**Q** 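Before we start, here is the structure in question, set down as structure tokens.
All figures in this text were calculated on a predicted structure; none of them were measured in a lab. Sequence lines set the chain letters: A, B, ... in the order given, protein chains first and strands last, and positions in each chain run from 1.
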Protein chains: 2
Amino acid sequence: MSLSTPSPAARKPRGEYAKSAEKRAAIVDAAFEEFAESGYRGGSLRGVAQRVGMSEAGLLHHFRSKSALLEAVLEHRDEKARERVPLDSPDGAEVLKGLVDLAAYNASIAGVVDLYTTLSAEATSADHPAHAYFVRHYAFTREKVERAFAKLDADGRLRHGFDPRQAAITVIALMDGLQVQWLYTRDVVDMADALRRVFSVFVDIDWEPVPPTE
Amino acid sequence: MSLSTPSPAARKPRGEYAKSAEKRAAIVDAAFEEFAESGYRGGSLRGVAQRVGMSEAGLLHHFRSKSALLEAVLEHRDEKARERVPLDSPDGAEVLKGLVDLAAYNASIAGVVDLYTTLSAEATSADHPAHAYFVRHYAFTREKVERAFAKLDADGRLRHGFDPRQAAITVIALMDGLQVQWLYTRDVVDMADALRRVFSVFVDIDWEPVPPTE
DNA sequence: GTCTATATGGCGATAGAC
DNA sequence: GTCTATCGCCATATAGAC
């Protein structure tokens, strides 16, 4: 999974110029790759600097510390993911379809999956700089998916005896677990397909003409 | 998830004494904790040495390198897990019950879950010392669970239209994802319960008097 | 079998020139 | 805004005394 609460205010100090913003974006991209490959703990500012073609000091002019850089990466990641899933759609089925869509999209960008799985696992430690982020992320996502199931339930489309909250927990766990397994064996695991199958059991949904996942 | 292929031979050089074996076991325990908390990359030999009350050099007398120590930890972990799940039972339902049992047990030993999730995520990098281990682990576990579902299918107890292989992938993903989510919010997630619910949808099983998971 | 001491190198972050 | 230089710390691993 990969969505989170809208950033309260992606504020930008007044005196910034366009060139600087571009540089910052390039640095965030490089940091994204670095942390995706080696995690936050395993990644280094040196590695980021090399990717972006700058010195470490130059890099630290734009981001005051390694963890500040991680924060920027996570924010950037959320912006992208939020574009893909209509989490607040009044139609619960649209939300689920958005999740399948996201899974299919993720399969085309392994780096995103890598970043998410590595960070979510290492940030279970309470002192990790991304810990609070993921606690928020899970609460937020669980809430949204639960709401989607609740709406389907109200429409009589949730399988009898199913609890929206439990269904949400299960779906999020499934998405997370599929990502790890997929990273090891991409030929065997089809994330979107697996998700679609489970949704078909949980609820009554008409799937599109069937985009054959891949 | 947390099972893997039986170690080919946990061989032990001939000239070892009991005292030494005890020390080694103590070191493995300490390393287990260290890697569970900080991952392999984030953990240090210094940390392990402090936990076990030795110098780093003393520790390296027993394990020639950091990655050799990791190997010992993973082997030790597998031995424990294999005791819990009758992966080769002729009755597929017994396998699934074993998985629920394992989930409930894991919930009582957070360290095990921590170690597994952290390592499985960071070892997706091909150059990680545990990479081969997890590739093997997933292939092995997928195979065993698939076989369990296939047996249930042969007995007409698998839900119509379900594929044993897909079911196996889904179940393993679910177990993995539940562990991460549980580490963040233990009050919200009940791993064994979630697993039991999904199994009840997939197959026709009589659950025990219901160990209320707690 | 365990220690101290040390070699060697990567790390995050800062100071200050340009 | 970017650089070089450097500080101080922690890492893995080895050498050799006890």
**Q** Short of 4.0 Å, heavy atom to strand atom, which residues of residues 55-63 of chain B count as contacting DNA chain D?
**A**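 Hits under 4.0 Å, by residue number: Glu56(B), Ala57(B), Leu60(B).
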**Q** Could you tell me if the ring centre of His131(B) sits under 6.0 Å from that of Tyr184(A)?
**A**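 They qualify: ring centres under 6.0 Å apart.
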**Q** Please round to the nearest 0.5 Å and tell me the distance separating atom NZ of Lys23(A) and atom CG of Leu59(A).
**A**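 Interatomic distance, Lys23(A) NZ to Leu59(A) CG, rounded to 0.5 Å: 9.5 Å.
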**Q** My understanding is that only residues two or more places apart in sequence, or in another chain, count here; which of them pass ring-ring contact (aromatic ring centres under 6.0 Å, His included) with Phe199(B)?
**A**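 Testing Phe199(B) for ring-ring contact (aromatic ring centres under 6.0 Å, His included), a comparison that skips the adjacent residues, returns none.
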**Q** To the side chain of Lys23(A), which of dT2(D), dT2(C), dA13(C) is closest?
**A**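 Closest of the options to the side chain of Lys23(A): dT2(D).
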**Q** Using a heavy-atom cut-off of under 4.0 Å over every strand shown, decide if Gly47(B) touches base, sugar-phosphate, or nothing.
**A**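 Nothing, no nucleic acid heavy atom in range.
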**Q** For residues 25-37 of chain A, which residue pairs pass the side-chain hydrogen bond (donor to acceptor under 3.5 Å, both in side chains) check, not counting sequence neighbours?
**A**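 Those involving residues 25-37 of chain A are Glu33(A)-Arg51(A), Glu34(A)-Arg51(A), Glu37(A)-Arg51(A).
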**Q** Under the rule for side chain to side chain donor-acceptor pair (under 3.5 Å), what residues qualify as partners of Ser67(B), not counting sequence neighbours?
**A**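 By the side chain to side chain donor-acceptor pair (under 3.5 Å) rule, Ser67(B) matches Ser65(B).
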**Q** Arg147(A): which residues meet the side chain to side chain donor-acceptor pair (under 3.5 Å) condition with it, sequence neighbours left out?
**A**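 Per chain and number, Arg147(A) pairs via side chain to side chain donor-acceptor pair (under 3.5 Å) with Glu143(A).
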**Q** List the residues meeting side chain to side chain contact (heavy atoms under 4.5 Å, CB included) with Thr117(A), not counting sequence neighbours, and say none if there are none.
**A**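 Scan of Thr117(A) (side chain to side chain contact (heavy atoms under 4.5 Å, CB included), adjacent residues dropped) gives Val113(A), Gln179(A), Val180(A), Leu183(A).
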**Q** Any side-chain donor-acceptor pair under 3.5 Å between Asp176(B) and Tyr116(B)?
**A**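 Note: Asp176(B) and Tyr116(B) side chains meet the donor-acceptor criterion.
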**Q** Show every salt bridge (charged side-chain N to carboxylate O under 4.0 Å, His left out) that has at least one partner inside residues 40-49 of chain A, sequence neighbours left out.
**A**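 For residues 40-49 of chain A, and leaving out neighbouring residues, the salt bridge (charged side-chain N to carboxylate O under 4.0 Å, His left out) pairs sorted by first residue read Arg41(A)-Glu122(A), Arg46(A)-Glu56(A).
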**Q** Output the rounded distance in Å from CG (Leu70(A)) to P (dG12(C)).
**A**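 That distance rounds to 12 Å.
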**Q** Does the Ser89(A) side chain pair with the main chain of Asp91(A), one donor and one acceptor, at a distance under 3.5 Å?
**A**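 Yes.
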**Q** Hey, are Lys97(A) and Asp101(A) close enough for a salt bridge, meaning a charged N less than 4.0 Å from a carboxylate O?
**A**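 The answer is no: the pair does not qualify as a salt bridge.
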**Q** Tell me: CG of Leu69(B) to P of dA13(D), nearest whole Å?
**A**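 Spelled out: CG on Leu69(B) to P on dA13(D) is 10 Å.
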**Q** Using atom CZ of Arg46(A) as one end and atom P of dT14(C) as the other, report the distance to the nearest whole Å.
**A**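 From Arg46(A) CZ to dT14(C) P: 16 Å.
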**Q** Just jot down the side chain to side chain donor-acceptor pair (under 3.5 Å) partners of Asp88(B), sequence neighbours excluded, or say none.
**A**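 Here the qualifying residues are Lys144(B).
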**Q** Please work out which residues in residues 122-131 of chain A have a non-hydrogen atom less than 4.0 Å from an atom of DNA chain D and list them by number.
**A**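 When residues 122-131 of chain A is checked for heavy atoms under 4.0 Å from DNA chain D, there are no hits whatsoever.
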**Q** For Ser200(A), check side chain to side chain donor-acceptor pair (under 3.5 Å) against everything at least two apart and list the hits.
**A**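 Ser200(A) satisfies side chain to side chain donor-acceptor pair (under 3.5 Å) with Trp207(A) only.
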**Q** So which nucleotide from dT12(D), dG12(C), dT2(C) ends up closest to the side chain of Leu45(B)?
**A**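 The listed nucleotide nearest to Leu45(B)'s side chain is dT12(D).
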**Q** Below 4.0 angstrom, which residues in residues 32-42 of chain A have at least one non-hydrogen atom near DNA chain D?
**A**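 None - not one residue of the stretch has a heavy atom sitting under 4.0 Å from the strand.
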**Q** dG1(C) C1' sits how many Å from Glu22(B) CD, rounded?
**A**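 Those two atoms, CD and C1', are 14 Å apart.
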**Q** To the nearest angstrom, how far is Arg24(B) atom CZ from dT2(C) atom P?
**A**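 Checked: the CZ to P distance equals 12 Å.
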**Q** Rounded to 10°, tell me the angle between the two end axes of the helix from dG1(C)-dC18(D) to dC18(C)-dG1(D), each built from five pairs.
**A**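 The helix from dG1(C)-dC18(D) to dC18(C)-dG1(D) shows an end-to-end axis angle of 0°.
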